[in-house]
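Everything on this sheet refers to the single structure shown next.
Sequence lines set the chain letters: A, B, ... in the order given, protein chains first and strands last, and positions in each chain run from 1.
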Amino acid sequence: MDLDHLNPAQRDAVQQLDGALLVLAGAGTGKTTVITHRIAALLRSGIPARHILAVTFTNKAASEMKARLITMLPEFNTKRMFVGTFHAFGCSVLRRFGDRLGYSKAFAIADTDDQNGVLKQVLTDMKLGEGELKFEFFKNGIRHANNNMQNAEGIRNSGRMSWFSTLADVYDAYQRRLKSMNLVDFDDLLGLPVKLWTMDQRILEEYRDRYRYLLIDEYQDTNRIQAEMIRLLSGTRKNICAVGDDDQCIYGWRGAEVNNILEFEKGYPGARIFKLEQNYRSTNNILAAANAVITNNSRRHTKTLWSEGTSGDQIKLFEVATETVEANVIADLVQDIRYEKDIPYNEIAILFRSNFQSRVFEQSLREHRIPYRIVGAKAFYERREIKDALAYLKVLHNKADNMSLLRILNVPSRGIGEKTVEKLKEIAETTDSALVDALENEEFLASTRSAVAKRVREFSEAFQRGVENFDESMSLSAKVRLYLDDIGYLAGLKTIYKIREEQAVRVENVEEFINSAALFEERFAETASLQNFLESYALMDDNDRVREADAEIENVTLMTVHAAKGLEYEIVIVAGLEEDLFPHELSVKEDNLEEERRLFYVALTRAKQQLVLSRARTRMRYNRKEIRCPSQFIAELPQELIDSTQLRNEIAPAKQEYVSSIFDTMRERYS
DNA sequence: GTCCGATGCTTTTTT
DNA sequence: AGCATCGGAC
């Protein structure tokens with residue numbers, strides 16, 4: 001066996017096959033290597049693949065691990081092993097046993113918009129609607145209850161103040177409404193399996209028997225329910241291998257419980273602990289900076305990263321006048337690196353604390369004609385037309401999804417206004433049917449003007465044809481196109497968006513969406529059903545949602561530090577190192593400075609070769625110029641590692657390449 | 001019912 | 001500055 005490539009600590013962790021073990025793996029210490037080798041070791045020791053459950057934090061990590069195992073172990077059938085995220089695993093449990101909890105097996109997954117929509121409806125119905133603040137309060141309250149495995153009763157019993165009982169009522173109504181629409185939210189994907197296993201010991205035993213060896217990656221970011229899932233599954237065998245780095249716990253605000261990793265031994269007495277500290281990613285200067293920063297945190301397992309490599313370049317620090325200058329200086333630097341150091345764009349990442357920072361960079365990169373891709377928020381899947389197209393599909397798969405129906409019923413305009421919708425809801429309620437079915441109700445149709453009724457009929461009929469079509473064997477993307485066309489959405493795009501240029505963009509985006517269904521089919525051939533397509537979409541994270549087109553060309557990557565977790569680049573540029581931005585002002589207020597520092601630590605340790613930090617002395621906010629102070633984290637870096645030689649001109653002279661490229665564009669445009 | 005301009009709010013991080 | 005929502009005019 002090829003254990004020769006492993007260092008002693010890695011080898012120990014790989015070879016300890018039974019019992020509980022915690023692998024404390026610092027950034028870049030070959031965590032994934034350990035997990036894959038460990039799985040290989042399990043298989044080679046004769047344990048069948050079906051007994052192995054490997055949980056990763058992202059889908060991307062899961063598919064990379066699968067791919068690695070297949071090349072590493074061609075002789076084993078690794079298909080029967082589970083490799084995926086907690087949410088995907090929970091989903092598979094519910095697809096099998098959801099009916100025991102009163103869910104139909106064809107349930108759909110509520111995305112963030114759906115969750116917000118349902119909660120808003122509930123609050124309006126209960127006349128608690130006014131004010132965003134209240135909305136946030138209830139949203140946090142529900143999430144908090146779920147994280148602590150509390151139901152409505154639990155909330156009610158947890159305090160005397162009247163808001164406990166109000167929150168309990170809202171919680172109850174929210175859950176009931178979701179369920180009535182046959183929807184399951186992200187928390188349910190974890191909470192319901194736990195409920196099921198606690199309720200029915202036989203099902204739990206079946207799962208325990210099936211999954212005898214558990215491996216959990218990024219254990220520092222598990223929450224209480226995820227830890228509970230693992231505790232229940234591990235049973236008395238306790239064959240659990242938790243891998244993680246407490247210094248990289250950056251999802252505390254989402255319920256991640258650092259204590260899961262800090263106090264692992266309490267839950268699994270006698271667990272063996274292995275520390276991986278030899279780093280294979282970064283230069284020693286980068287590691288020294290990271291080590292120095294993280295020692296300012298108090299609650300952690302002490303680790304010191306080291307590498308056999310060179311110390312490398314110093315860390316560059318830019319301190320410039322404004323955020324626009326910051327973006328331009330960085331774009332210049334990116335171009336320099338590309339052409340002078342011959343490092344491809346896709347080995348360069350620009351990281352920031354908050355999404356809004358991406359805008360200036362987009363502009364400067366465009367001006368410099370540097371290709372880039374953005375991971376996250378404002379990206380492709382957030383577009384209105386994509387959400388509309390998706391809503392059309394969501395109702396088709398799940399008729400009970402009234403919210404999606406309401407989203408698209410009048411998009412494009414079919415003359416169905418507020419009053420008509422009220423009537424529709426009323427009829428749906430009295431006949432106890434889904435809104436989509438109520439559309440065919442004669443009483444409802446009679447209540448609308450004949451022109452409207454005609455268009456409603458056309459809609460219902462097209463919908464019905466869609467339902468029937470999806471039973472037939474035709475390619476998924478072809479069915480999607482046929483349905484969106486038949487129901488009038490594709491042609492409707494031209495009436496929804498008046499401006500010619502905008503139209504073209506929107507149509508193109510929807511085409512790309514349809515194409516993504518085709519790509520999904522290519523990847524999952526026989527299992528590419530509408531349900532699986534929607535499910536995989538709902539369970540995607542921002543890194544999965546990067547456009548296919550963007551993944552192929554050589555691009556600079558723009559993303560938040562959160563999104564960069566688990567990734568590495570030759571060159572990493574961290575922008576906006578200013579007090580109140582990084583660390584974020586809210587996190588300081590909420591007393592989460594240590595988590596911000598871990599986030600900074602994550603940012604630093606993404607870099608292999610060169611790290612560049614920058615800050616602006618002023619920054620526009622709400623259209624006002626604000627003076628900004630350097631981030632306290634800058635002062636935590638050892639001075640001798642920093643090269644803060646001021647740039648000769650903050651705006652560097654244009655490169656020859658850049659000038660000629662502008663002439664090229666002009667020639668193209670005017671010839 | 002639809003369109004369009006005024007208003008006011010935004011910026012934490014996301015499976 | 002940009003976006004989302006609301007209210008008034010057609």
Residue-phosphate contact under 4.0 Å: [X] side-chain N/O, [N] OP1/OP2:
X	N	answer
Asn623(A)	dT10(B)	no
Thr420(A)	dG1(B)	yes
Asn355(A)	dT12(B)	no
His562(A)	dT13(B)	no
Asn592(A)	dT13(B)	no

Salt-bridge contact [X]-[Y] (side-chain N to carboxylate O under 4.0 Å):
X	Y	answer
Arg615(A)	Glu326(A)	no
Arg407(A)	Asp388(A)	yes
Glu458(A)	Lys454(A)	yes
Asp221(A)	Lys565(A)	yes

Taking the minimum atom-to-atom distance to the side chain of [X], which one of [options] wins?
X	options	answer
Ser413(A)	dT2(B), dG2(C), dT11(B)	dT2(B)
Tyr622(A)	dT11(B), dC3(C), dT14(B)	dT11(B)
Leu586(A)	dG1(B), dT12(B), dT14(B)	dT12(B)
Thr560(A)	dT13(B), dT15(B), dT12(B)	dT13(B)
Thr112(A)	dG1(B), dT10(B), dT15(B)	dT15(B)

Sugar-phosphate, base or nothing in reach of [X], heavy atoms under 4.0 Å:
X	value
Leu189(A)	nothing
Phe86(A)	nothing
Thr58(A)	nothing
Asn410(A)	sugar-phosphate
Gln115(A)	nothing

Gap between atoms [atom1] and [atom2], on [X] and [N] respectively (whole Å):
X	N	atom1	atom2	value
Gln357(A)	dT10(B)	CD	P	18 Å
Arg414(A)	dT2(B)	CZ	P	11 Å
Leu190(A)	dT14(B)	CG	C1'	14 Å
Glu257(A)	dT15(B)	CD	C1'	17 Å
Trp253(A)	dT11(B)	CH2	P	14 Å
Gln220(A)	dT15(B)	CD	C1'	14 Å
Glu323(A)	dT11(B)	CD	P	17 Å
Lys589(A)	dT12(B)	NZ	C1'	12 Å

Notebook entry, point to check: Of all the base pairs, Watson-Crick or G-U under 3.5 Å, which form stems of three or more consecutive pairs involving DNA chain C?
Noted result: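 So the stems come out as B:1-10 with C:1-10.
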Notebook entry, point to check: Expressed as a whole number of Å, how far does the C1' atom of dT11(B) sit from that of dG2(C)?
Noted result: 13 Å
Next item on the list: Using the P atoms only, state how far dA4(C) lies from dT13(B), rounded to an integer number of Å.
Entry: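 Roughly 16 Å separates the two P atoms.
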Checklist line | Positive for ring-ring contact (aromatic ring centres under 6.0 Å, His included) with Phe57(A), one of Tyr219(A), Tyr251(A), Phe86(A) | finding: Tyr251(A)
Checklist line | Toward the 5' end of DNA chain B, by each residue's nearest nucleotide, Glu585(A) or Tyr251(A) | finding: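 Here Glu585(A) is the residue nearer the 5' end.
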Check: For Tyr497(A), is the NZ or CZ atom of Arg506(A) found under 6.0 angstrom from the centre of its six-membered ring and inside 45 degrees of the ring axis?
Finding: yes
Margin query: Against the six-membered ring of Tyr103(A), is Lys179(A) placed for a cation-pi contact (under 6.0 Å from the centre, within 45° of the normal)?
Written below: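 So Lys179(A) does make the cation-pi contact.
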Next item on the list: Scan residues 580-594 of chain A for pairs that pass salt bridge (charged side-chain N to carboxylate O under 4.0 Å, His left out), counting only residues two or more places apart or in two chains.
Entry: Glu585(A)-Arg621(A)
Check: In chain order, what residues pass the salt bridge (Lys or Arg N to Asp or Glu O under 4.0 Å) check against Arg414(A), with sequence neighbours excluded?
Finding: none
Check: Do Arg621(A) and dT10(B) have a side chain to base donor-acceptor pair shorter than 3.5 Å?
Finding: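 In this structure, the two groups form no donor-acceptor pair.
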